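The first residue of the sequence shown is numbered 1, and numbering continues consecutively from there. Given the structure is predicted, the values throughout are model-derived calculations rather than measurements.
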Amino acid sequence: MGKPVQVIAQIKLTDIRASGTYFPESRFIRPNETDKSTAKTSMSRAELGLRFDLSNKVDTLKGSYSKWTATLSGSYTDLQNTNYEQQVFPSRLVTADFGIQHLHSLNRSWSILYALSAGVYSDMEKVNEKDVFLNGGVAFIKRYNPNFTFGFGAFLNNAYGTPMVWPVLIVQWKTGDKFKLDVSLPDGDGGSGFVNKISYAYQVNKKTDLALVFKPRLMSYDTETLGDKRRMLSSWELPAGLENRWHFKHLDFVVGGGMVILRTYQFGEKKLSKMFDQGPTSKLASNYYLNMGIHWHF
């Protein structure tokens, strides 16, 4: 009959994701702007993510499982700033993150996820302990059916110097055959940072999908741009557009583009007592973006 328990205890690379995004020159919008600024910024971002299986234990008779995975991710954002009277944005933003996740079943429908990660999120001007961001959390996840998963929990983050507890919501919802709805909160393809994804795709054929995609992105960095009192940069991006994805045996290739509806930037102190005392919000005007990516899966 053979043993019902299967164990894989060797480190195995399972995913490689690489992508690039280009935002052309956009006008800088000052806080409480009365006169239009002539300052402009263009951005380009490159991202790389690796996922490894550390161990995988499955009991096919009991329907239980236990899985350890590790992730390595990084990004480099280049900002070209012109016509600024004084420096507002850094010239580059860099992330490098390492994470460990452990998922194991509680019963046939519920599981628990533990996650811990540490990374540098910086403009690379003065890298020290303040550039290191730590995250750790736990979530309970219920799989209702193969297409719908819901989870909730909490995680700790030291973005404001002192570790704080934040709520966690996990939603994985896929439905349809020819037309596919995919809601991923958060998005597993996000790489560094906090990224969600909502897409509605049309299957052109077995190897091609065309999708409407909305992918909000929240990032935090430690910077030196405005001095010690305003060293934490928080940014929001709200891009929406079209993505064409081609599927091959072990590779997906994506090309897309659309409008970045909103890009906001705030500088604040990395202190818990100053969490709600953020500086004025700066913006970059709406503009189009282009992106390209490759996903190898083994």
Between Thr175 and Asn147, is the side chain to side chain contact (heavy atoms under 4.5 Å, CB included) condition met? List the steps.
CA-CA 6 Å; Thr175 183; Asn147 294 324; 5.6 Å; no
Kindly determine whether Asp182 and Lys180 satisfy salt bridge (Lys or Arg N to Asp or Glu O under 4.0 Å), including the steps that lead there.
CA-CA 6 Å; Asp182 185 353; Lys180 302 175 183 178; over 6 Å; no
Measuring from atom [atom1] of [X] to atom [atom2] of [Y], what distance do you get when rounded to the nearest 0.5 angstrom?
| X | Y | atom1 | atom2 | result |
| --- | --- | --- | --- | --- |
| Asn158 | Phe133 | CG | CZ | 7.0 Å |
| Arg217 | Leu238 | CZ | CG | 12.0 Å |
| Leu284 | Glu25 | CG | CD | 10.5 Å |
| Lys207 | Phe248 | NZ | CZ | 7.0 Å |
| Thr264 | Gln266 | OG1 | CD | 6.5 Å |
| Ile29 | Thr281 | CD1 | OG1 | 12.0 Å |

What verdict does the side chain to side chain contact (heavy atoms under 4.5 Å, CB included) test give for Thr41 and Phe23, after you've listed the backbone C-alpha separation in whole Å, the side-chain angles of each residue and the deciding distance to 0.1 Å?
CA-CA 9 Å; Thr41 295; Phe23 303 89; over 6 Å; no
When you compare the side chain of [Y] with that of [X], does any pair of heavy atoms fall below 4.5 Å?
| X | Y | answer |
| --- | --- | --- |
| Pro239 | Arg263 | no |
| Asn81 | Val88 | no |
| Pro167 | Phe152 | no |
| Glu224 | Asp123 | yes |
| Leu290 | Val255 | no |
| Tyr114 | Ile100 | no |
| Ile170 | Phe150 | no |
| Phe214 | Leu212 | no |

Can you check whether [Y]'s main-chain N or O pairs, donor with acceptor, with [X]'s side chain at less than 3.5 Å?
| X | Y | result |
| --- | --- | --- |
| Ser286 | Ile261 | yes |
| Gln87 | Phe89 | yes |
| Asp222 | Val132 | no |
| Thr21 | Asn291 | no |
| Lys178 | Gln203 | yes |
| Ser26 | Pro24 | yes |
| Ser66 | His104 | no |

May I ask whether [X] and [Y] are part of the same hydrophobic cluster, defined by side-chain heavy atoms of I, L, V, M, F, W, Y residues being less than 4.5 angstrom apart, directly or through others?
| X | Y | answer |
| --- | --- | --- |
| Leu242 | Phe253 | no |
| Leu181 | Val254 | no |
| Leu210 | Ile198 | yes |
| Val94 | Met219 | no |
| Leu262 | Tyr288 | no |

Test salt bridge (Lys or Arg N to Asp or Glu O under 4.0 Å) on Arg231 and Glu269; report intermediate values, then the result.
CA-CA 6 Å; Arg231 63 181 303 138; Glu269 290 191 56; over 6 Å; no
Worked verdict on Arg245 versus Asp252 for salt bridge (Lys or Arg N to Asp or Glu O under 4.0 Å)
CA-CA 7 Å; Arg245 183 180 294 263; Asp252 286 1; 3.6 Å; yes
Please enumerate all residues that pass side chain to side chain contact (heavy atoms under 4.5 Å, CB included) together with Tyr65, with sequence neighbours excluded.
Val58, Leu103, Ser105, Ser111
Would you please name every residue forming a side chain to side chain contact (heavy atoms under 4.5 Å, CB included) with Thr208, sequence neighbours left out?
Val204, Asn205, Asn244, Trp246
Restricting to non-hydrogen atoms, name the atom on Asn157 and the atom on Asn135 that form the minimum distance, rounded to 0.1 Å.
ND2-OD1, 2.5 Å
Please name the pair of heavy atoms, one in Asn128 and one in Lys130, separated by the smallest distance, quoted to 0.1 Å.
OD1-N, 2.9 Å
Set out, in order, the CA-CA distance, both residues' side-chain angles and the distance that settles side chain to side chain contact (heavy atoms under 4.5 Å, CB included) for Gln101 and Thr71, then state yes or no.
CA-CA 8 Å; Gln101 299 87 36; Thr71 56; 3.6 Å; yes
We want to know whether Gln80 and Ser42 form a side-chain donor-acceptor pair, criterion being a heavy-atom distance below 3.5 angstrom.
no
Side chain to side chain contact (heavy atoms under 4.5 Å, CB included) between Glu125 and Thr223, intermediate numbers included:
CA-CA 7 Å; Glu125 294 298 325; Thr223 69; over 6 Å; no
Students often mix this up, so state it plainly: with edges at 30° and 60°, are the rings of Tyr121 and Tyr221 parallel, tilted or perpendicular?
tilted
Using the six-membered ring wherever Trp is involved, compare the ring planes of Phe148 and Trp173 and label them parallel, tilted or perpendicular (cut-offs 30° and 60°).
perpendicular
Sequence neighbours left out, what passes side-chain hydrogen bond (donor to acceptor under 3.5 Å, both in side chains) with Lys142? Give chain and number order.
Ser109
